[in-house]
Asks: 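Before I ask anything, here is the structure I am working with.
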Amino acid sequence: AIIDEGKKYGLDPYIAPGDEVGAHPETIDGAKYYYALVKKNFPQTKTVLTVGGGWSMGVNEEEYFKGIVDIWSTNRWLPEKINIVKKFPGSTYGIYNMGTTGLGTNSPPIVDRVVFGFLGWKTESTDISMWVYAFGNLLNFAFTQDSGIAGGYVFPTENYSKEGPVPTIYWEAVREGVKDLKYLKTLERLIKEAEKKQVASAEVAKAKEVLKNMKDQIKESPRSYDVMEGSKANTLAPAAYDKWRWNIAELIIKIQEKMK
C-alpha cells in the first residue's frame with residue numbers, strides 16, 4: 001500500500017527496518033533479519049540504514065549489512081567507510097542528522113542551508129535527511145536540553161489538515177539549501193552538455209574553476225557537523241552563500257547563451 005501510494009505522487013519509497021543499529025549492537029541480528037526480509041519480498045524498493053554511530057564505536061556496520069542495504073546514511077563523515085560502501089553493487093550513501101533542529105543544538109539556521117545544499121553537493125550524497133522534521137504535539141520537543149531550540153523544523157497546528165504546519169526559520173534555511181543544490185546540479189548538467197557539443201569552452205572553464213573554489217571552502221571533516229557531540233559546523237557567513245548562488249546563476253545564463 002505504501003509503495004502504491006508513493007507511485008501516485010511520483011515518489012520512490014524507502015524502507016528502513018532499523019535505525020542506528022550499529023550504535024545498539026544488541027539489535028544487529030534482528031535488523032539483519034528484517035532487512036533481508038524486505039529485500040526478498042520487495043526487491044524493487046530501496047532500503048536505508050542510518051550509520052555512523054556504530055562506525056565511530058568500532059562496529060563494522062558495512063560487514064553486517066552488505067547486500068541488503070542500498071543507501072548508507074551517515075551522521076558522521078568518515079571517508080574510509082564511505083569509500084567501502086560506495087563500491088558495493090547498487091549502493092549509494094547520504095548524510096544524516098547534520099542539521100540543527102531536533103538535536104538541541106545552538107547551531108544557527110545557516111547550518112541547515114549548507115547541509116541540504118553545498119555540503120550535500122560536495123559529498124555527492126544521494127540522500128540528505130534528519131531524524132525528525134515535526135512533532136505531533138507542541139510540548140513534545142525531544143533533545144532540546146537547555147538550548148531553547150525547538151525540536152522540529154515546523155510547528156503543528158490545532159487543525160493540521162486545513163491550516164498545515166507553521167514553518168520556522170530553520171525550515172526556510174532547508175528550502176534555501178535545496179535551491180542551492182538545484183542551481184549546482186543545473187550548472188553541472190550544462191557543463192556536460194556544453195562539453196559534449198564542444199561549445200562555450202571559456203565559460204565552462206570558468207564554471208569549473210568557480211565550483212572547485214567553492215568545494216575547497218566547504219569543510220566535511222568528521223567533527224565539523226557532529227552536532228550530537230557539541231561540535232560546531234564549519235560554515236561561512238550567510239551572505240557568502242547568497243553570493244555563490246548569484247555566481248552560479250550568472251554562469252548558467254552565460255553557458256545557456258552560448259549553447260543557443
Side-chain angles (χ1 to χ4, degrees), residues 52 56 73-80 82 93-133 143 145 147-154 167-191 203-255:
S56 66
S73 190
T74 181
N75 59 11
R76 289 171 176 80
W77 188 248
L78 302 169
E80 68 280 5
I82 295 297
Y93 61 90
I95 52 178
Y96 167 72
N97 265 11
M98 294 186 183
T100 58
T101 70
L103 297 174
T105 74
N106 282 312
S107 297
I110 190 61
V111 172
D112 290 302
R113 177 176 180 177
V114 174
V115 167
F116 282 84
F118 288 100
L119 180 68
W121 165 69
K122 179 177 181 177
T123 57
E124 298 181 354
S125 297
T126 58
D127 176 73
I128 306 170
S129 59
M130 291 291 290
W131 80 279
V132 67
Y133 294 89
F143 293 103
Q145 301 171 4
S147 67
I149 300 298
Y153 284 99
V154 296
T168 66
I169 190 171
Y170 296 92
W171 182 246
E172 296 304 320
V174 171
R175 186 196 304 275
E176 291 303 303
V178 172
K179 288 181 180 177
D180 290 335
L181 190 56
K182 288 181 177 180
Y183 275 85
L184 287 160
K185 291 297 184 180
T186 299
L187 180 56
E188 288 184 329
R189 175 178 56 78
L190 286 172
I191 288 172
E203 289 77 12
V204 165
K206 178 63 177 179
K208 286 184 175 181
E209 179 186 347
V210 169
L211 292 178
K212 181 182 182 303
N213 182 55
M214 289 177 181
K215 280 188 176 181
D216 290 342
Q217 296 183 65
I218 301 168
K219 308 301 181 184
E220 77 280 26
S221 69
R223 301 291 298 181
S224 293
Y225 292 84
D226 191 357
V227 292
M228 285 297 287
E229 296 188 13
S231 299
K232 295 297 181 183
N234 195 340
T235 59
L236 304 175
Y241 302 107
D242 291 333
K243 184 177 180 179
W244 283 10
R245 189 194 287 178
W246 276 110
N247 289 341
I248 294 168
E250 289 176 348
L251 289 164
I252 288 172
I253 293 172
K254 288 180 179 179
I255 294 176

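Being a predicted model, the structure only gives us computed values, none of them experimental. All residue numbers refer to positions in the sequence shown, counting from 1.
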Asks: I need the minimum non-hydrogen distance between Asp127 and Ser73, along with the two atoms involved.
Replies: OD2-OG, 3.3 Å
Asks: What heavy-atom pair brings Gly52 and Leu78 nearest, and what distance separates the two atoms?
Replies: O-CD1, 4.3 Å
Asks: Taking 4.0 angstrom as the limit, do Arg175 and Glu172 come out as a salt bridge?
Replies: yes
Asks: What pairs with Glu124 under side chain to side chain contact (heavy atoms under 4.5 Å, CB included), at least two apart in sequence or on another chain?
Replies: Tyr93
Asks: I need the minimum non-hydrogen distance between Met130 and Gly99, along with the two atoms involved.
Replies: SD-N, 3.2 Å
Asks: Should Ile191 and Leu211 count as side-chain neighbours, where that means a heavy-atom distance under 4.5 Å?
Replies: yes
Asks: Enter the distance from Thr123:OG1 to Ile95:CD1 here, rounded to the nearest 0.5 Å.
Replies: 4.5 Å
Asks: Starting at CG of Leu184, measure out to CZ of Arg245 and round the result to the nearest 0.5 Å.
Replies: 9.5 Å
Asks: Decide salt bridge (charged side-chain N to carboxylate O under 4.0 Å, His left out) for Glu176 and Lys179; before the verdict, give the C-alpha distance in whole Å, the side-chain angles of both, and the deciding distance to 0.1 Å.
Replies: CA-CA 5 Å; Glu176 291 303 303; Lys179 288 181 180 177; 3.6 Å; yes
Asks: Would a 4.5 Å heavy-atom cut-off, applied to side chains only, mark Ile82 and Trp77 as touching?
Replies: yes
Asks: Which heavy atom of Ala173 sits nearest to which heavy atom of Asp112, and what is that distance?
Replies: CB-CB, 4.0 Å
Asks: Let me confirm one number: the CD1-CZ distance from Ile255 to Arg189, rounded to the nearest 0.5 Å.
Replies: 10.5 Å
Asks: If I compare all heavy atoms of Pro167 with all of Val154, which pair ends up nearest, and what's the gap?
Replies: CA-CG1, 3.9 Å
Asks: So which heavy atom on Met98 is nearest to which on Val115, and how close?
Replies: O-CG2, 3.2 Å
Asks: Kindly say whether Tyr96 contributes a backbone atom to a donor-acceptor pair with the side chain of Ser129 at under 3.5 angstrom?
Replies: no
Asks: Taking ring pair (Phe, Tyr, Trp, His ring centres under 6.0 Å) as the test, write out the residues that go with Trp244, two or more places apart.
Replies: Phe118, Tyr241
Asks: Only counting residues at least two apart or in another chain, list the ones meeting ring pair (Phe, Tyr, Trp, His ring centres under 6.0 Å) with Phe116.
Replies: none
Asks: Got a donor-acceptor contact below 3.5 angstrom from the Lys215 side chain to the Lys122 backbone?
Replies: no
Asks: Salt bridge between Lys206 and Glu203, side-chain N to carboxylate O under 4.0 Å?
Replies: no
Asks: Does the Thr168 side chain pair with the main chain of Trp171, one donor and one acceptor, at a distance under 3.5 Å?
Replies: yes
Asks: Just how far is it from atom CD1 of Ile218 to atom CG of Asn213, taken to the nearest 0.5 Å?
Replies: 9.5 Å
Asks: Got a second to check how far Ile252's CD1 is from Glu188's CD, nearest 0.5 Å?
Replies: 10.5 Å
Asks: Which value, rounded to the nearest 0.5 Å, describes the distance between Arg113 atom CZ and Thr235 atom OG1?
Replies: 11.0 Å
